[in-house]
2 protein chains.
Amino acid sequence: MNVKNIRIKDIAQLAGVSVGTVDRVLHNRGRVSEDALKKVLAVLDQIDYKPNLIARTLGANKTYRIAALMPNPDQDPYWASSKSGISQAEAEWLRYGVTVQSYFFNLYEKDSFKEVAEAVTKDRPDGILVAPIFYHETLPFFEQFKQEGIPYVLFNTNIPEVDPLSFIGQNLFQSGKLGAELMHLAQNGESGMLAVLHINEDLGNSVHLAEKEKGFREYFLEKNHSGYNITTHNLYNPNEPTFEKELSALLDQPALKGIFVSTSKATYIVASYLEKLQRNNIKLIGYDMLQENIRYMKKGVINFLINQNPKRQAFLGINHLVGYLILRKEAPANELLPLEIISKENLDSYLSSGIH
Amino acid sequence: MNVKNIRIKDIAQLAGVSVGTVDRVLHNRGRVSEDALKKVLAVLDQIDYKPNLIARTLGANKTYRIAALMPNPDQDPYWASSKSGISQAEAEWLRYGVTVQSYFFNLYEKDSFKEVAEAVTKDRPDGILVAPIFYHETLPFFEQFKQEGIPYVLFNTNIPEVDPLSFIGQNLFQSGKLGAELMHLAQNGESGMLAVLHINEDLGNSVHLAEKEKGFREYFLEKNHSGYNITTHNLYNPNEPTFEKELSALLDQPALKGIFVSTSKATYIVASYLEKLQRNNIKLIGYDMLQENIRYMKKGVINFLINQNPKRQAFLGINHLVGYLILRKEAPANELLPLEIISKENLDSYLSSGIH
DNA sequence: TTGTACGCGTTATCAA
DNA sequence: TTGATAACGCGTACAA
């Protein structure tokens, strides 16, 4: 095997032109005569030229600005995880001239999203990573980004219609099915009442949550487990006095055997009530390895967590953008992360491996 | 924030010396006067110099040869997975002058290991990745590698005494505990007889397997689940006629409710017997997403798999070596991969994400 | 002991 | 339209 790679210099020599001409042909920069073009293309046709990306980044000496558009991490620890993934990717690429500017919008205000998205548009970054949790508000911006030729990557929530460079997330329907499988296991063969619980603080998320619920119900339909009685409960702002009343009413039902919670923050909120009310016979299944969730899992209040890997989602998002910008690498159109099951006994192995 | 990184040139300017001197200080090459040393160190103390690795690799223009020393992938699909991880890493680094030469030894013959390891020693690679499944046979070689200053990384099996650059694997004790937790769940609250089954084809593995068993038993001890009766079964070559007899004898016991199998290949062997004997009330828990295991899981014969991620283990091993050789990056002394739980409902999400 | 100068492969600039 | 050449930052050979 010939290890030595073919250089632009070699192509130039073979074609009988200069490196400058080859470069212009390779990058369609124009200003090349018919004659020279033909000669270079003939050589390129024969050999498989693979640019040395190391040399390219060094030579180009460009700096790239990436904009990360996401909910304010202070409003929800889930988004704090995402943020840390962005920071990690940023640290890794900083020395290669990549900077990431974060733009936070208010999780509960659509107008805040618009405002911030306009700021991004104005700043004209080289690439954009965005968690598009508000469907309608986001669409016009992608139209604009596309027109300006700025590549954008979506994470957490997909909007296939806007044709992003890449989407990173999970299969939500399957996630719900997995939640159901785990619930079924946790029930130890007994039957009874199961609750699907959404705490829908930001309304942008409702499609997200509905998809998980569909999967959850589908599992029991397929299996024909008619012994279970599944109810749905929508709660909103945990700070409202009605919240506690409604949740307590649910938890007080003696027949209730399990709760599937559709978001990560909601998981530890419900866990705290379960603990307070001493309802330790109710199995709880929720999302993500947030610090509070880890605590309740170790105590045995939470039975299973499904890891959505928010940190990794955002990390990969930045990486895909950088790969595309610097290394001209195509990103996968859909990167669906595995649905990781976290239980008491493998929790530590996830914590120490530091990827979560 | 100052985006531009500090270059050697900058340090030289600040210290009032030349780049050559700075370089000699940075790499302890000697031939530097007390005075100059002090000046440079003073500057280095103030600022956080991070070399541009891109420039370094470009300038070095070296080629590195890595040797991968592992069992023959044709003898066991588990090792075929490892091999594919090596190939993937190789493809990724080929253009940067890294080549990987694989050396396969016979899984069942210690002498074969010696032979191949000698070949590696003779070839004097720049780095070595090895799965040291034979303890005694491996030790002298590491002694030699250490003397020659060739860095080596271990995967799959750890031998801390040889002080490798890095070990990549899992916590086997905890892996067994997780197996027990899953078994307990799968039992649906019933009690009965549980079997721990080892198929110990290559004897090098026995410590490995014992560790998993210890964890498995520890779980039930901690939980005080006295309802279970746990037995251990050691089988050897599946091709011997006694094998089928012994295994059938075990499976014929009506009280048997679950089997925990300690290796990946053994998992689908047991699954095939369970299917043939129609013992579908016996819960089966084993290891790894081998093709056959995936098939039996989809059929419902295997209840849970614990993913040891053989592909990723090997992939990371090569990456750590490359990182150390090219980028002078310290590899983690112990990289313990998370214990991934695979069930029917998250199987596809792992398959499609392509990391397994 | 020190500093200068060149090469790595690519991109970008500029004079011809 | 072309080709020669200077960056990019690091490592290193070599001359002083």
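Order of the sequence lines fixes the chain letters, A, B, ..., with proteins taken first and strands second; residue numbering starts at 1 for each chain.
Counted by atom type alone, A:N72 and A:Y103 present zero donor-acceptor pairs between their side chains at under 3.5 Å. Side-chain polar atoms of A:D74 and A:W79 form no donor-acceptor pair below 3.5 angstrom. A:Q147 and A:E143 share no side-chain donor-acceptor pair at under 3.5 Å.
An OP1 or OP2 oxygen of D:dT2 is reached within less than 4.0 angstrom by no side-chain nitrogen or oxygen of A:T21. Between A:T57 and the phosphate of D:dC8, there is no side-chain N or O to OP1/OP2 separation shorter than 4.0 Å. Between A:S18 and D:dA4 there is no side-chain polar atom (N or O) within less than 4.0 angstrom of OP1 or OP2.
Protein atom CG of A:L37 is 11 Å distant from nucleotide atom P of D:dT1, rounded to whole Å. Rounding to whole angstrom units, NZ of residue B:K38 and P of C:dT2 are separated by 13 Å. For the pair A:Q13 CD and C:dG9 P, the computed distance is 13 Å after rounding to whole Å. Rounded to whole Å, atom C1' of C:dT1 lies 13 Å from atom CD of B:E34.
Two residues are said to be in side-chain contact when any heavy atoms from C-beta on lie closer than 4.5 Å; B:M70 and B:V130 fail this criterion. Contact of the B:E340 side chain with the B:N309 side chain is registered, since non-hydrogen atoms from C-beta on lie closer than 4.5 Å.
Classification of the A:F141-A:F145 ring pair by plane angle, with boundaries at 30° and 60°, yields tilted.
Note: A:F155 and A:F167 fail the aromatic proximity criterion, with ring centroids not under 6.0 Å apart.
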Going 5' to 3' along nucleotides 10-16 of chain C, which nucleotides have protein heavy atoms under 4.0 Å from the base (write B), which only from the sugar-phosphate (write S), and which from neither (write -)? BSS----

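Axis angle between the ends of the helix from C:dT1-D:dA16 to C:dA16-D:dT1, five pairs each and rounded to 10 degrees, works out to 60°.
Within 4.0 Å of B:A36, counting heavy atoms only, lie sugar-phosphate atoms of the nucleic acid but no base atom.
Every residue was checked against the salt bridge (Lys or Arg N to Asp or Glu O under 4.0 Å) condition with B:E161, not counting sequence neighbours, and none meets it.
With hydrogens and angles ignored, the 3.5 Å screen pairs a side-chain donor or acceptor of B:S166 with a backbone N or O of B:P332.
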